[in-house]
Amino acid sequence: MNKLLIATNNHGKVIELQDLLKVTGIQLLTPVDIHLSLEVDEDGSTYAENASKKALTFAQASGLISLADDSGLEVDALDGAPGLYSARYAPLRLPPFSGKMKEQEGGDADRRAFLLQNLKYKPRPWKAHFHATIAIATPSGEVEFAEGNCFGEIIPAERGSGGFGYDPIFFLPELNKTMAELDMEQKNRLSHRALAVMNARPVLNKMFGL
Ligand code: ITT
């Protein structure tokens with residue numbers, strides 16, 4: 001059976017990618033399934049560089065063809081921020097009462113609050129899009145890419161409890177819903193990640209000889 005490792009430590013992405021990739025006739029594995037714990041330093045200057053680094057690191061460590069996703073939210077009024085830095089977009093702060101001086105990153109809710117704070121004095125609508133670049137790497141070092149975008153706008157009050165990350169403040173005007181108000185099946189029909197996976201299908205077919 002063909003095996004594909006979903007090379008991400010983000011639980012929200014794992015859930016979506018398992019659903020998006022399930023029709024390909026390939027056995028999907030996660031890092032947890034194979035007891036592989038890897039933290040990749042995302043120091044690239046493009047989504048493709050980061051996606052490629054993640055996919056190659058996991059492919060070489062596991063010996064399996066690996067699919068990584070590097071994604072982000074780009075807000076027009078902030079000149080494309082947080083973009084590549086979406087997962088780390090929040091002021092650093094000291095952990096309370098720990099006595100340690102090491103700074104730690106906030107969670108998804110901190111990042112949404114920080115984004116809204118930065119948009120507060122900008123005129124609405126706050127047009128934005130999600131971007132995803134998928135990299136599929138073989139253990140021998142071959143890498144192929146696919147991309148997807150999803151357009152909408154940021155709204156000032158959170159709506160919905162589905163998805164992850166910036167979904168509760170990412171509004172899709174045609175549906176009159178935020179991404180977090182969609183169930184996974186709906187999100188997986190129109191998201192940046194869904195489009196990137198669709199565009200990656202020929203690559204998967206070629207790599208697995210399907
Ligand atoms: P991995 O690198 O392990 O895959 P990550 O969360 O660090 O996990 P990225 O570097 O690609 O992944 O950062 C993407 C960030 O962009 C993610 O943490 C969210 O904050 C945001 N994001 C991406 N896709 C999203 C989505 O579908 N809905 C909401 N936020 C999303």
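Just follow the structure's listing: the first ligand is 1, and inside any ligand the first atom is 1. The chain is numbered in sequence order, starting from 1.
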### Query
Is any N or O atom of Lys13, backbone or side chain, closer than 3.5 Å to an N or O atom of ligand 1?
yes
#### Entry: Partner set under side-chain contact (heavy atoms from CB on, under 4.5 Å) for Asn205, not counting sequence neighbours
Leu210
### Message
Below 3.5 Å, N or O to N or O, backbone or side chain included: is there any such pair between Arg111 and ligand 1?
### Response
no
### Query
Judged by non-hydrogen atoms, does Arg88 sit under 4.0 Å from ligand 1?
no
### Query
Looking at ligand 1, does Leu73 have a heavy atom less than 4.0 Å from it?
no
### Task
Provide the number and element of each atom of ligand 1 under 4.0 Å from a heavy atom of Glu42.
2 (O), 7 (O), 10 (O)
### Task
Spell out, yes or no, whether Leu119 and Met179 are grouped together once hydrophobic residues are joined by side-chain heavy atoms under 4.5 Å, including indirect joins.
yes
### Element-labelled atoms of ligand 1 that are located less than 4.0 Å from some non-hydrogen atom of Gly165
29 (C), 30 (N)
#### Entry: Side chain, backbone, both or neither: the part of Phe164 lying under 4.0 Å from ligand 1 by heavy atom
both
### Query
Is there a chain of hydrophobic side chains (I, L, V, M, F, W, Y, each step under 4.5 Å between heavy atoms) that links Ile6 to Phe58?
no
### Task
Kindly indicate whether the side chain of Leu73, heavy atoms from C-beta on, has any atom under 4.5 Å from the side chain of His129.
no
### Task
Give the numbers and elements of all ligand 1 atoms closer than 4.0 Å to a heavy atom of Asp69.
4 (O), 11 (O)
### Message
Salt bridge check, Lys53 against Asp70: does any charged N sit closer than 4.0 Å to a carboxylate O?
### Response
no
### Task
Check ligand 1 against Lys187 and write out every atom of the ligand that is under 4.0 Å from a heavy-atom position of the residue.
26 (C), 27 (O), 28 (N)
### Considering all heavy atoms, the nearest Ser71-Lys13 contact
OG-CE, 3.6 Å
#### Entry: Nearest candidate to atom 30 (N) of ligand 1, where distance is taken over non-hydrogen atoms, out of Tyr47, Tyr85, Tyr166
Tyr166
### Query
When you look for heavy atoms under 4.0 Å from ligand 1, do you find them on the side chain of Arg193, its backbone, both, or neither?
side chain
#### Entry: Leu64 reachable from Ile136 in the ILVMFWY side-chain graph, under 4.5 Å edges
no
## Note on the structure
Numbered in order shown, the ligand 1 atoms found under 4.0 Å of a heavy atom of Asn10 are 3 (O), 6 (O), 8 (O), 18 (O)
#### Entry: Numbered atoms of ligand 1 (with element) below 4.0 Å of Asn9, judged on heavy atoms
3 (O)
#### Entry: Atoms in ligand 1 flagged as close to Ser86, the criterion being non-hydrogen separation under 4.0 Å
15 (C), 16 (O), 20 (O)
### Query
So is there a nitrogen or oxygen of Glu16 less than 3.5 Å from a nitrogen or oxygen in ligand 1?
no
### Greater than 12 external heavy atoms within 6.0 Å of Tyr85's OH
no
